[in-house]
Amino acid sequence: MSQYLIRRFLLFIPTMLLATILVFGLFSIVPGDAAVFLLTGEDASGTVTAEDFERLREDLGLNRPIYVQYADWLWGVVRGDLGISLYYGQPFGLELVERFARTFELAVLAIVMAFATAVPLGILSAMKQDSGMDYASRVIALLGIAMPTFWIGVLVIYALVYGTGWLPPLEYAHLWEDPIQNLKLMVLPAAVIGFHDMAFTARVTRSAMLEVMREDYMRTARSKGLREWVVVGRHALKNALLPVVTVSGYQFGRLLGGVIIVEQIFVVPGVGNFLIDAINHRDFPVIQGVILMTAAVVLLLNLIIDMLYGILDPRIRYS
Amino acid sequence: MIDQTTEQATLAREGLPAPGLAARSWTGFTRFVRTKPLGAIGGLIVLLLVVVAALAPVLAPYDPRSTPALPWEAPNANYWLGADYVGRDVLSRLIYGARISLYVGLGSVVVGITGSFIIGVALTYIGGIVDTVSQRIVDALMSLPGLLIALAIMAVVTPSLNTVILAIVIGMIAPVIRTVRSQVLSLRELDYVTAATAIGAPPWRIILRHIVPNCFATYLVLATYYLGFAIIIESSLSFLGVGTPPDQPSWGGMLVRAASAHVKAGPWLAISPGLAIFLVVMGFNLLGDALRDVFDPRLRGR
């Protein structure tokens, strides 16, 4: 058991390290580095002298060998120092963490809503395979997959404005200071993001349930004379939910992608606005920070899920 | 099966030719439509997209970049779907937008899936430390959502249709390599591959003659799904204002100004581009589901 946990944890370290190399590498292969963008402006129309350029490169440390820059940056990240925003000229680590917390709250809310609807939908669908109910839930799942998140978001805003004449309160309220106002603000964007995830989770739940239903122990449970809801709830669901949870963990990254878009529509001051802003200003350290933080959260989440999985399912440990 | 043979035998006896390739394809096609109606609907939507994209200059009533209408003109007899914030005809932009979606979709899939296939097959065959390290890189890449990777790429390149394709491709490489790798690993264990190895066939021959042809179904199914994925990511990037340049009529870009600030000014702007994306992505998904069922009967009904 502990061997499995240790092995899984050791796998996490090189993956995380590779993620930092990828994130750092991407912004080092840019033709012309950050100094050029800073000096010539966004549309590269400004003029610079060679001395200006060299001085700035030295200030930013861009004249050092690439691996020194990487080591320096990584050491900073480890100490919690993500660097200085090129555009605003000040450290952004604290603001990023604050914004990420809001985005994370939105994502968790979305996944909870998705799970609460998707699992019953998937179970019903699997138990009454090929019935009208099954068909309906598959159609809903397909809608969720094919409708782009931003379109659902726009439609929800329209429905609000034309249906009720009410727009969601756009002043953000902190979760700890005004939880009711905060939830009021978060519930719609979370539902929009959750809809997509719900579709996917319902599909996975359905196929996992269908698989479990064919197992011998299901027949045994039924022939023992157990009630149907005990058979489904205790024997089938417990086994079917494990893969669903694992897949959802991997889905979480994609969910964060959806959050970026929905934050734009519902004006949530999360990491999405921060990122788009940074992209428009070519503020590379900020983009690096956002991406690194996302990768860290997703990898950490997968680590936790895999470890839980190992504890819950004895088959995993010994393979 | 037996019926078919006897039928062919009868035909042969009567001196009539056996059904040719065209007739057999037609039978296969009608059977697909009969047994997979949803897949056929998907195929029809995809076909419609291709036709609209190909005939865009003929079908579109106006030049998508010209501004014949008044800004925010509501749908009327001249401008069926209304006009946008500078007076461009929405229908014409929608029709030309089909070209962008199709170009980006096909481009990403041809480059991304083909590239990932080559890398995936090669890695599996090279094996050893290269395979182990590359699998960790795939893990690291998989921790990032496709949209976020695409956004990061768009931050360092000049926005154009081809850089959008590049951004989408990088986001799809990791999951596709993972799928290809598991497929190749299981194919390699099959008896006829062992037999080919035993008679001394070189690796390239085994790859080209035995592995690649058997991956064809996977390729086709992945390609259909990722076409939908690519179209969604392209429109998302354009919606966020960092994708296809704004003068080009991308469906996602058309929705930008439809959100928030201009809700009251032009509600029609939010409906048609979103509906177009939705229909096309659904079409590709339905087709992909049906193809998967046809190629892999074990997964039927899941």
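Below, read A as the first sequence line, B as the second, and so on, with proteins coming before strands; counting in each chain starts at 1.
Interatomic distance, CE of Met154(B) versus CD1 of Ile287(A), reported as 11.5 Å (0.5 Å rounding). To the nearest 0.5 Å, atoms OG1 (Thr15(A)) and CE (Met142(B)) are separated by 11.5 Å.
In this structure, chain B has a heavy atom under 4.5 Å from the side chain of Leu155(A), while its backbone stays farther away. Contacts of Phe229(B) with chain A are absent, with no heavy-atom separation under 4.5 Å from either backbone or side chain. Heavy-atom distances place no part of Leu17(A) under 4.5 Å from chain B, backbone and side chain included. The contact between Ile291(A) and chain B is made by backbone and side chain atoms together, counting heavy-atom distances below 4.5 Å.
Taking chain A as the reference chain and counting heavy-atom pairs below 4.5 Å, the highest number among Ala152(B), Pro273(B), Ala150(B) is found for Ala152(B). Counting heavy-atom pairs closer than 4.5 Å to chain A, the top residue among Ser235(B), Gly228(B), Gly146(B) is Ser235(B). The candidate from Val157(B), Leu275(B), Leu147(B), Leu141(B) with the greatest count of non-hydrogen atom pairs under 4.5 Å with chain A is Leu275(B). Chain B forms the most heavy-atom pairs under 4.5 Å with one residue out of Gln288(A), Met147(A), Arg254(A), and that residue is Met147(A). When each of Ala295(A), Ala296(A), Ala126(A), Ala19(A) is scored by its heavy-atom pairs under 4.5 Å with chain B, the top score falls to Ala295(A). The candidate from Asn285(B), Val281(B), Val242(B) with the greatest count of non-hydrogen atom pairs under 4.5 Å with chain A is Val281(B).
When side chains are defined from C-beta on, Leu142(A) counts as touching Leu286(B), because their heavy atoms get closer than 4.5 Å. Taking 4.5 Å as the limit, every side-chain heavy atom of Val290(A) sits out of range of all side-chain heavy atoms of Leu151(B). At a threshold of 4.5 Å between non-hydrogen side-chain atoms, the residues Ile277(B) and Phe150(A) count as touching. Put simply, the side chain of Leu26(A) does not reach to within 4.5 Å of the side chain of Ile149(B), judged on heavy atoms.
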For this session: Let me see the working for Leu144(B) and Val298(A) under side-chain contact (heavy atoms from CB on, under 4.5 Å), right down to the final yes or no.
Result: CA-CA 8 Å; Leu144(B) 293 169; Val298(A) 174; over 6 Å; no
For this session: Step by step, work out the side-chain contact (heavy atoms from CB on, under 4.5 Å) result for Ile265(A) and Phe239(B).
Result: CA-CA 10 Å; Ile265(A) 299 172; Phe239(B) 180 75; 3.8 Å; yes
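Remark: Leu47(B) engages no residue in a side-chain contact (heavy atoms from CB on, under 4.5 Å) (not counting sequence neighbours).
Taking every heavy atom of both residues into account, Leu18(A) and Ala140(B) meet most closely at CB-CB, 4.1 Å. When all heavy atoms of Tyr135(A) and Leu38(B) are compared, the closest pair comes out as OH-CD1, 3.7 Å. Looking at every heavy atom in both residues, Pro145(B) comes nearest to Thr294(A) through CD-CG2, 4.2 Å. Across Phe284(A) and Ala155(B), no two heavy atoms sit closer than the pair CE2-O, 3.8 Å. When all heavy atoms of Trp151(A) and Ile271(B) are compared, the closest pair comes out as CZ2-O, 3.6 Å. Nearest heavy-atom pair across Leu148(B) and Ile260(A) is CD1-CD1, 3.3 Å.
Sorted by first and then second residue, the pairs that involve residues 136-146 of chain B and meet side chain to side chain donor-acceptor pair (under 3.5 Å), not counting sequence neighbours, are Arg136(B)-Asp139(B), Asp139(B)-Arg178(B).
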